Structures are given as C-alpha cells and as structure tokens.
Amino acid sequence: MINTVSTTPYSDQKPGTSGLRKKVPHFQQKNYAENFIQSIFDSLEGFLGKTLVIGGDGRYYNRDVIQIAIKMAAANGFGKVMVGRGGILSTPAASHLIRKYGAFGGIILSASHNPGGPTEDFGIKYNASNGGPASEKITDAIFARSKVIDSYRISDADDIDLDMPGIKSLDGMEVAIVDPVEDYAELMEALFDFPAIRAKIQGGFRVIFDAMSAVTGPYAKEILENRLGAPKGSVKNFMPLPDFGGHHPDPNLVHAKDLYDEMMGPDAPDFGAASDGDGDRNLIIGKGIFVTPSDSVAMLSANAHLAPGYAKGLAGIARSMPTSGAADRVAEKLGIGIYETPTGWKFFGNLLDAGMVTICGEESAGTGSSHVREKDGLWAVLLWLNILAVRNESVKDIVTKHWAAFGRNYYSRHDYEEVDTAAANGLVDNLRAQLPTLPGRKFGDLTVQTADDFAYNDPVDHSVSEHQGIRILFEGGSRVVFRLSGTGTSGATLRVYIERYEPDASRHDIETQEALADLILVADEIAGIKSRTGRDTPSVIT
Ligand code: G16
C-alpha cells in the first residue's frame with residue numbers, strides 16, 4: 001500500500017559539489033532522507049513507468065536508505081528499479097548502468113572519500129539519464145523543493161532482500177537485483193587491450209591495488225585478478241566495509257601512505273594504485289614515483305590512442321579550473337579543444353554529451369572519459385596499464401619523458417580542514433575585495449599578471465556559474481587559486497592550489513614543495529591564511 005506521510009522541511013538540504021553530504025546522525029533525523037529523496041522526485045518530470053538505478057558504496061546506513069529509496073520509487077510511480085546486489089554500485093558503475101539500460105536516472109548513496117560509520121559521513125545524489133550528476137538547474141530545484149516540502153510518498157511493503165539476485169516486485173514496481181560488477185567489467189574489456197595487459201602481467205610486471213575497504217574491491221578483484229591474471233593478493237583491502245575498516249578511503253599520499261611507502265621501497269612493485277569510497281577517484285604510483293592527478297590527466301590524454309577504445313584519438317580535453325595546465329599543453333600539441341570548467345564533475349556532462357571532449361580530469365584525483373559520465377578510478381588504472389603494456393617503459397620513464405617534451409607543471413594543493421566557517425568566508429571576501437588592486441603588484445620576484453573570481457560560461461547550454469574560485473596568475477605562468485570545498489561536512493575547508501610551470505628539463509627533479517616555496521609564502525601573504533584561520537600548516541598537502 002502507498003502511504004502519503006506528512007513531514008516538515010529542513011533548511012539545510014542544499015546539494016554541494018556532489019550531492020547532499022552530512023554526518024550519519026544528521027541523516028538519521030526524522031524524515032531527513034525521505035524529504036530529500038521526495039524533493040528529488042518532485043523536481044523531475046516524466047519518470048512514470050521508467051527505470052531508476054539505485055546503489056551505493058556500502059558505507060554505514062547504505063542499506064537503510066536503499067530500502068527507503070526503493071519504497072519511495074514505487075510510491076512515486078517508477079516502473080522499475082535496478083539495484084546493485086548488496087546495495088553495492090560504484091559511482092562509475094552506476095553511471096554505466098543508467099546509460100546502458102536507458103534508465104531515467106539514478107540515486108547514488110555515497111560520501112565519496114569521506115570516512116564511514118555510525119558517526120561519520122553519508123550522502124545522496126541524483127544522476128540524470130546521461131549517467132552524470134544532476135546539473136545545477138536540477139540541484140537548485142531540489143534544494144528549493146526541500147525547503148517547502150510537506151509530505152512524501154512511500155510504500156509500506158516489506159524490505160527487499162538485497163543479497164538475492166533476480167527480479168522481484170514491490171507494490172507493482174519491478175525490482176531487479178543485479179550483479180554490480182558484470183556490466184562494468186564488460187565495458188572495461190571493450191575499451192582496453194586486456195590480452196596485452198595480461199601478457200605484461202604474466203611477464204612479471206607487478207601490480208598492487210588498494211581498494212581501501214571500499215566499493216572497488218569486488219570490481220578490482222574481478223578485473224585485475226580474475227580477468228587480467230594478477231596474482232591473488234594483488235588487490236588489498238578488497239572487502240567493502242561499512243566503516244572502511246576505520247580508514248579514510250581517500251586515495252592520496254596521506255591516507256594511502258602504506259601503499260606509497262611500499263612503492264617507494266627497495267622491492268617496490270612496478271605499479272601501485274588505489275581508489276576511494278565510491279570508486280571514482282584514483283591514485284597512481286609507479287616504482288619510486290607518484291603521478292599527480294593533474295599530470296595523470298595530461299599523460300593519459302597524450303597516450304590514450306594506444307588503447308583500442310581511444311585509437312581514433314580524442315575530441316578534446318576538459319579539466320577543472322584548479323587543475324594544473326599540464327593537459328592544456330597536450331591539447332595544444334594534439335590540436336584539439338581544451339575546456340576549463342568549475343570544480344565538480346557535473347560541469348563536464350554537457351561537453352561530453354555534445355561530443356566536444358573525450359577525456360576529463362581534476363586535481364582532486366578524478367579522471368574519466370566519455371565511456372560514462374562520472375570520473376572512474378579503475379578506468380584510469382586500466383588506461384595506465386594499457387599504456388604501460390604498449391610502451392613497455394616504466395611509469396617513471398613515461399613521466400620524465402612527458403615532462404621533457406611538454407615541460408613540468410609543479411603542483412600542490414594545501415587543504416585547511418574544519419576551519420571556522422565565518423573565518424573562511426572572511427578570507428575569501430577579503431581576497432575578492434583585493435582583486436582590482438592585485439594586477440601589477442610585486443611579491444619578491446613574482447608579479448601579478450591577472451586576478452579574478454572564476455566564472456564559467458557553459459559553451460553548450462550557455463548557463464553561467466559564478467564565484468568558482470579566486471585565481472591569481474603571475475607573470476611566467478605560475479598561479480595560486482583559492483576556493484572553499486563543497487564536499488566537507490563540518491566547518492569549512494579552504495583549498496589553496498599552487499602551480500609553477502617549468503619548461504627547463506634540467507630543473508625537473510626539484511622536490512615539489514621546494515619548487516613552490518615562494519608561491520606558498522605569497523599565497524599566505526595575499527590571503528592571510530595563518531592570521532585568519534589560526535592555522536600554521538595545512539591539514540593535508542597533496
Ligand atoms: C567531488 C566532485 C569533484 C570535485 C571533488 C572535490 O568528488 O565530483 O568534481 O573535484 O568533489 O570538490 P571540493 O573541492 O568542492 O571538495 P567526489 O569524489 O568527492 O565525489
């Protein structure tokens with residue numbers, strides 16, 4: 001039976017960079033998840049009888065909200081839901097299912113790389129029929145609806161057994177519990193030269209992958225070990241756990257330190273990689289060398305034609321504004337378009353749908369392509385492996401040759417987490433106020449060339465997104481960018497992005513923080529980071 005339940009609105013359901021993310025107890029407030037899901041449905045049109053994909057990264061509260069979402073989908077008139085077995089779907093796999101089966105859209109439950117558990121993070125986001133995160137137009141409509149919602153619809157049927165594959169029925173709606181891995185693994189096999197990678201691994205090339213006790217475990221086991229023949233044990237932490245084993249499933253040098261240490265050690269494997277909570281981020285480390293996400297986008301773009309799925313070349317490349325300009329140099333050499341978007345994968349959707357770009361990437365450890373409409377951690381790993389198999393060189397050789405050919409973009413991001421929100425807003429307001437007076441100012445050897453508050457004009461739908469980050473560009477191509485994260489769940493996170501371009505190959509082996517030292521000091525001088533946040537050092541440096 002379908003019930004209409006009265007509710008009162010919450011005022012804080014504004015989706016951030018990637019959906020609504022809050023602590024679990026916050027989501028457990030009365031009707032909190034129900035209100036948001038109903039607000040999503042109320043903001044959409046034309047889904048009666050259509051299919052909705054539902055899945056998540058397996059974190060704490062995943063199963064509860066999946067049951068709610070299924071029952072609300074039935075009550076709101078969807079004809080069918082496709083749910084990953086066990087409630088599991090990586091974000092890129094969910095995107096693929098939406099596209100492959102022509103679903104109306106999908107609900108993905110994840111707080112990405114944030115920790116999981118009863119007092120940790122949870123999240124809900126809506127993806128549209130192209131498989132990508134809802135546009136700002138839709139997320140704005142969801143937020144507007146959430147502020148006035150007074151009822152939601154839900155079936156009172158029993159819970160669905162999420163672990164039993166097959167077709168069931170719930171209040172007249174079909175519920176398909178599907179294998180979360182199969183379709184995705186098939187897609188990867190169609191894009192990449194699996195026989196070449198398998199031969200490389202059989203030849204003794206050692207690969208390790210850390211799934212960080214998060215969603216990519218089953219995917220990586222199937223693809224790397226079962227289909228590509230990596231020895232059992234190559235995929236570490238492969239069981240998705242509700243609390244990620246107490247770890248922070250963020251594949252960076254801080255939270256994947258064990259992997260990093262192993263890759264820098266004397267007996268390092270040839271290739272190390274990791275992915276995050278929901279499987280869309282990646283970390284790539286070669287024997288003795290970490291590849292920054294910004295460099296990875298550039299290097300994958302420069303070599304993508306070596307993989308069968310990209311043999312025809314790329315239509316164009318897109319990167320988020322704070323991502324380094326390394327990819328721009330590749331686009332220039334290839335004679336293809338390069339697009340600079342605001343932070344947030346949703347901004348790549350229009351460019352991909354219009355066929356203007358093939359590869360997209362972000363400094364926040366996200367790379368992906370037109371194969372889905374999300375960034376894709378394992379895809380990046382497999383493209384690297386395909387390139388390594390064809391070029392038959394080490395990661396280090398590929399990286400250093402790339403720098404020699406294109407120049408090196410030294411790059412680092414400094415995060416100040418859980419900063420007082422008013423202090424963080426004050427810092428940004430102050431930067432904004434300084435913008436007109438910055439051009440021409442000298443800071444030591446650095447002279448400001450331009451300074452602005454980044455606004456994006458979408459070349460496809462001509463929508464404008466303003467206030468997407470303060471950028472200060474110095475003569476010679478160095479820059480610092482400041483913005484507040486849209487994915488944190490407590491206080492504010494200030495992100496400072498620092499970049500220097502170095503064309504001279506004899507200066508390509510400087511330690512990154514050292515190469516950026518003067519810019520780091522100037523960033524503090526201009527923004528007053530220490531004085532305004534009370535922090536002497538960043539919480540995380542990547
Ligand atoms: C999300 C978005 C990315 C963005 C990242 C960081 O990734 O999809 O586009 O770069 O957040 O955003 P922010 O700097 O606002 O925290 P994920 O992996 O968290 O879903």
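Note that ligands are numbered from 1 as they come in the structure, with each ligand's atoms numbered from 1 the same way. Position 1 is the first residue of the sequence; numbering continues from there. This structure is a prediction, so every number in the text was calculated from the model and none was measured.
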Atoms in ligand 1 with a heavy atom of S364 nearer than 4.0 Å: 4 (C), 5 (C), 10 (O)

Nitrogen or oxygen of R21 less than 3.5 angstrom from that of ligand 1: yes

Donor-acceptor side-chain pairing of N282 and T367 below 3.5 angstrom: yes

Residue, atom name and distance, where the atom is the protein heavy atom closest to atom 5 (C) of ligand 1: R281 NH2, 3.6 Å

Proximity of T493 to ligand 1 by residue part, where a heavy atom lies under 4.0 Å: neither

Polar side chain donor-acceptor pair, T487 to S485, under 3.5 angstrom: yes

Minimum-distance protein heavy atom relative to atom 17 (P) of ligand 1: S112 OG, 3.1 Å

Cation over ring face, R329 and Y501, 6.0 Å, 45°: yes

Geometric N/O contact S485 with ligand 1, under 3.5 angstrom: yes

Donor + acceptor pair across side chains of S112, D276 (<3.5 Å): yes

Sub-6.0 Å ring centroid separation between F27 and Y61: no

Heavy-atom gap G344 to ligand 1 smaller than 4.0 Å: yes

T17, portion touching ligand 1 at heavy-atom distance under 4.0 Å: side chain

Ligand 1 N/O within reach of G486 N/O, cut-off under 3.5 Å: yes

CD (E525) with more than 12 external heavy atoms under 6.0 Å: yes

Nearest candidate to atom 1 (C) of ligand 1, where distance is taken over non-hydrogen atoms, out of H113, K375, E362: K375

Heavy-atom side-chain contact between F348 and V357 under 4.5 Å: no

R483: numbered ligand 1 atoms lying under 4.0 Å from its heavy atoms: 13 (P), 14 (O), 15 (O)

Between T51 and Y101, a side-chain donor and acceptor under 3.5 Å: no

For atom 11 (O) of ligand 1, the protein heavy atom that lies nearest, with its residue and separation: T487 CG2, 3.3 Å

Atom indices of ligand 1, in the order listed, that fall short of 4.0 Å to a heavy atom of R495: 13 (P), 14 (O), 16 (O)

Parallel, tilted or perpendicular: ring planes of F290 versus Y260, cut at 30 and 60 degrees: perpendicular

